[in-house]
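Here's the structure we're looking at; comments come further down.
For reference, positions follow the sequence shown, starting with 1. These values consider heavy atoms only, across backbone and side chains, with no hydrogens, waters or symmetry-generated copies.
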Amino acid sequence: MRICFIRWIVVGIGVFAVSLVFLGLHTSSLQGSTIKQNTNRRDDVNTDYNMFDHQYTPANLKLRQYKQLPIDTGISNLKENLIKLAKEIQKTKIHIRGTKARESLTNVIDVVKDLFRLTNTSMDNFHRKTKSSKHICKEIYKGTTYGYPFFYKGFETKNCSYATSIDKLVTVVFIHKQEKVSKLEHILKNILNYNPRLKVVVGKEKNSRISLSESFGNVTVIDYSKADSDGTIWNLLITKVKTEYALIARNISTFNIDARLERLVREIEALDVVTAGGASRDQNGLWKLGCYQTAYKNFSLIYDEGYDESLHECIFCDYISGSFLSRLSTFQSFPFDAKMNGMSVFHDFFLRLSQSKLESVICPDSMFYMQKQKQSDNYNDWAQLGIKWKLYRMKISDEVDIQFPCKKETYKCFNGLGYVLSPCCLQELADMINFVMKTCEESNVLCELQEGTLLGAVKFHKVLPWERDADLTFLTANFTALTKLKSYIMKKYSFTYDAASLWCCADNRTAGGKMKVHSKHWHIEMYGQHLMDSEKLLTDGLKPTKILLNGQWVGVPRNPGWHARNRYGHEIYAHAQHWMAMGQGNGWIDYKTNQFTPCRTPGRHDCVDSFNGDGNLPFSLPIP
């Protein structure tokens with residue numbers, strides 16, 4: 001789950017390039033010297049205050065400024081930073097999907113390679129580093145014809161002094177939920193045929209009819225309660241593991257040499273990853289890689305099946321759908337969530353790993369025989385995962401697409417500075433706007449979107465992700481007709497109006513009028529205007545202009561794009577947060593776009609500064 005900020009990479013390259021030019025011109029004078037840090041400050045600073053952020057008040061209003069990094073002129077430090085930059089660029093290149101971004105990044109990489117040559121830095125730093133396993137001997141490939149014709153062999157393990165028997169390293173752990181004792185005995189016999197000294201921990205339901213007919217010396221059977229969650233059961237079984245590694249043999253149906261446990265141990269240690277899994281084969285013989293990439297951002301969890309990177313004939317994955325091996329210490333540091341059941345247990349486990357920047361691989365030459373699995377498309381089966389991770393949408397490749405229902409008691413709208421609003425919160429406001437606009441239309445009352453509400457519709461066809469209220473206008477001549485709708489509107493929302501706000505006159509018409517509509521978290525300000533574009537268009541025999549807002553066509557000024565540009569000025573399609581978030585007294589300010597308030601918890605899925613300051617596509621479903 002990588003978020004690539006290419007613009008910062010390019011800035012970084014610029015800094016290094018300038019440094020290199022400076023070094024080339026002044027090498028002799030730079031030995032043992034340093035350049036004073038540039039302390040110039042930006043004028044376009046962001047503020048850290050808005051009315052919804054209780055940690056900040058006008059009395060302790062603070063300004064955040066972007067700090068310029070010092071330019072270290074020592075050659076060794078320059079090389080070190082250049083290598084770090086190159087590694088991040090290489091990671092970005094591996095995972096980036098957009099065609100335009102990839103083309104730009106290719107040009108960036110050419111620049112970095114030139115910098116490497118100028119500083120005599122090895123190109124090997126572009127690539128992952130591997131190391132030797134401390135328990136499993138190295139493999140050597142014997143050639144393309146060595147295993148002909150059936151290719152049951154191809155790689156051979158060399159002899160080494162540190163070789164450790166797999167039964168001293170790994171314990172097989174699984175839950176048996178079937179009533180058939182013969183099936184359990186079949187699985188256990190196959191495991192012990194693979195290695196008779198291999199330790200096994202198996203969980204079965206307490207008071208079930210299962211009792212093993214013969215002694216399995218290395219098998220520990222643990223009873224669990226029917227009321228126990230799957231997360232609780234897995235954690236219970238893990239406590240019985242005494243080896244360095246545990247294989248989570250989820251849904252296994254049989255076991256044989258295809259598991260290749262030595263291979264998985266070797267690659268965990270060689271690639272410095274925390275889990276290694278294998279491909280899966282079900283009872284119908286259907287084989288599957290089971291490797292997924294994930295993106296967790298903006299209240300959405302998206303899975304793409306596939307991989308971006310491989311090494312040692314293993315593929316890097318964010319989520320493994322089959323059996324997997326990991327160190328006991330990993331399960332102790334990341335215990336399964338005791339509130340989770342079914343597949344949610346493993347989705348939560350791998351999501352926590354990836355959020356902690358820990359990596360997993362599948363080595364597809366390792367294969368596990370599993371009972372056929374199907375991802376549930378019922379949101380109730382994912383409810384606990386959705387609550388924990390505050391999900392609005394969960395999409396697993398082409399298998400599952402779930403939108404979690406918005407329950408008002410489970411979400412709050414305003415988390416303070418630096419965060420986008422939850423989709424449920426935005427939906428609450430959009431529903432209220434669309435309800436009012438539909439009520440206006442059905443009652444022949446002229447209403448139009450205004451201010452940031454109009455800007456959001458123009459830019460996103462939705463409410464702005466950092467909105468704080470909504471603004472609508474109505475024709476003042478319709479004021480009385482609107483007040484008569486009070487009882488109807490109040491079936492869903494609170495509604496007030498101010499008759500004293502009417503005044504006379506503008507262009508020989510009554511002007512003004514104020515109304516407010518409230519939901520649990522939001523309010524709509526409605527202002528009367530004595531003249532409106534919609535009325536003029538109707539007079540000219542034309543239909544009023546409408547724009548799509550969250551799936552509903554609603555009234556707007558005649559030319560909404562022109563109106564928005566004239567209202568907000570330069571670069572309105574780049575983004576600026578609400579004036580309240582910027583610590584301003586009102587919205588009649590010159591907005592500085594293409595910048596966001598820094599997030600107080602960097603890396604959180606809803607940090608507004610994790611999005612580009614321009615474009616609407618970054619706010620759609622994230623791409624893994």
Side-chain angles (χ1 to χ4, degrees), residues 51 429-430 432-458 463-464 467-519 521-540 542-547 549 554-569 572 578-580 584-591:
M51 65 183 292
L429 178 57
M432 183 165 60
I433 295 169
N434 285 342
F435 173 82
V436 171
M437 295 300 289
K438 185 177 181 181
T439 300
C440 288
E441 183 175 9
E442 291 175 344
S443 305
N444 295 316
V445 172
L446 296 180
C447 295
E448 295 174 358
L449 305 186
Q450 286 287 304
E451 299 295 315
T453 311
L454 174 64
L455 185 63
V458 167
V463 175
L464 290 172
E467 190 57 276
R468 288 294 180 266
D469 61 4
D471 295 283
L472 308 178
T473 59
F474 61 89
L475 189 66
T476 302
N478 294 150
F479 182 86
T480 302
L482 263 176
T483 63
K484 292 180 179 179
L485 296 170
K486 179 177 180 178
S487 59
Y488 176 74
I489 294 173
M490 290 191 68
K491 291 179 180 179
K492 292 195 69 172
Y493 303 105
S494 171
F495 177 72
T496 59
Y497 59 87
D498 180 11
S501 61
L502 296 170
W503 58 278
C504 185
C505 285
D507 299 318
N508 296 318
R509 287 186 169 199
T510 301
K514 293 181 181 180
M515 300 181 178
K516 275 191 178 182
V517 183
H518 290 267
S519 66
H521 298 102
W522 292 99
H523 69 272
I524 299 175
E525 301 271 4
M526 299 181 66
Y527 298 95
Q529 289 185 340
H530 68 290
L531 295 173
M532 289 182 64
D533 284 352
S534 294
E535 182 190 29
K536 294 177 183 178
L537 289 168
L538 287 170
T539 301
D540 293 339
L542 299 172
K543 292 183 178 181
T545 304
K546 292 185 176 182
I547 198 169
L549 179 74
V554 296
V556 289
R558 184 188 80 246
N559 183 340
W562 189 28
H563 184 108
R565 185 173 184 237
N566 288 333
R567 165 63 180 89
Y568 289 103
I572 65 167
H578 199 279
W579 57 268
M580 293 179 186
Q584 302 295 328
N586 59 63
W588 302 100
I589 61 173
D590 184 14
Y591 288 90

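Contact check for Leu475 versus Arg509: side-chain heavy atoms found under the 4.5 Å cut-off. You'll find the side chain of Val458 reaches within 4.5 Å of the side chain of Pro560, heavy atoms only. Side-chain contact between His578 and Asp469: present, with at least one pair of heavy atoms (C-beta onward) separated by less than 4.5 Å. Trp522 has its side chain within reach of Met432: a pair of non-hydrogen atoms, C-beta onward, lies under 4.5 Å apart. Looking at heavy atoms from C-beta onward, Lys516 lies out of side-chain contact with Met526 at the 4.5 angstrom threshold. Between Leu429 and Ser519, every side-chain heavy-atom pair lies at or beyond the 4.5 Å cut-off. Residues Trp579 and Trp588 have side chains not in contact (no heavy-atom distance under 4.5 Å, counting atoms from C-beta outward).
Heavy atoms of other residues, nucleotides or ligands lying less than 6.0 angstrom from CG of Asp590 number 12 at most.
Judged by distance alone, with hydrogens and angles left aside, the side-chain atoms of Glu448 form a donor-acceptor pair with the main-chain N or O of Ser534 at under 3.5 Å. Using modelled atom types, one side-chain atom of Tyr568 and one backbone atom of Gly452 make a donor-acceptor pair closer than 3.5 Å. Side-chain atoms of Thr545 do not come within 3.5 Å of backbone N or O of Val556 as any donor-acceptor pair. Between the side chain of Asp498 and the main chain of Lys514, no donor-acceptor pair closer than 3.5 Å is present. Thr476 places a side-chain N or O within 3.5 Å of a backbone atom of Gly512 that can act as its donor or acceptor partner.
Considering CE of Met490 and NE2 of His518, their distance stands at 10.5 Å, rounded to 0.5 Å. With rounding to the nearest 0.5 Å, the separation of CD1 in Ile547 from OG1 in Thr453 is 11.5 Å. Expressed to the nearest 0.5 Å, how far OH of Tyr497 lies from CD1 of Ile489 amounts to 11.0 Å. Summarising the geometry, atom CZ belonging to Phe479 is positioned 11.0 Å from atom OG1 belonging to Thr510; distances are rounded to the nearest 0.5 Å. For the atom pair CE (Met580) and CG (Asn586), the distance works out to 10.0 Å, reported to the nearest 0.5 Å. If you take CG on Leu482 and CZ on Phe474, they are separated by 6.0 Å, rounding to the nearest 0.5 Å.
In this view, Asn444 satisfies the side chain to side chain donor-acceptor pair (under 3.5 Å) rule with no residue, not counting sequence neighbours. Applying the side chain to side chain donor-acceptor pair (under 3.5 Å) test to His530 and every residue at least two apart in sequence or in another chain returns Asp507.
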Evaluate side chain to side chain contact (heavy atoms under 4.5 Å, CB included) for Asp471 paired with Leu449, printing each intermediate quantity in order. CA-CA 6 Å; Asp471 295 283; Leu449 305 186; over 6 Å; no
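The stretch residues 554-567 participates, sequence neighbours left out, in these salt bridge (charged side-chain N to carboxylate O under 4.0 Å, His left out) pairs: Glu451-Arg567.
In this structure, Pro544 and Leu537 approach most closely via the heavy-atom pair CA-CD1, 3.8 Å. When all heavy atoms of Phe495 and Thr483 are compared, the closest pair comes out as CE2-CA, 4.5 Å. In terms of heavy atoms, Gly513 sits closest to Ser501 at CA-OG, 3.1 Å.
Partner Met437 forms a side chain to side chain contact (heavy atoms under 4.5 Å, CB included) with one of Val445, Val554, Leu549 and no other, that one being Val554.
The aromatic rings of Phe435 and Tyr488 sit parallel to each other, their planes meeting at less than 30°, with 60° as the upper class boundary.
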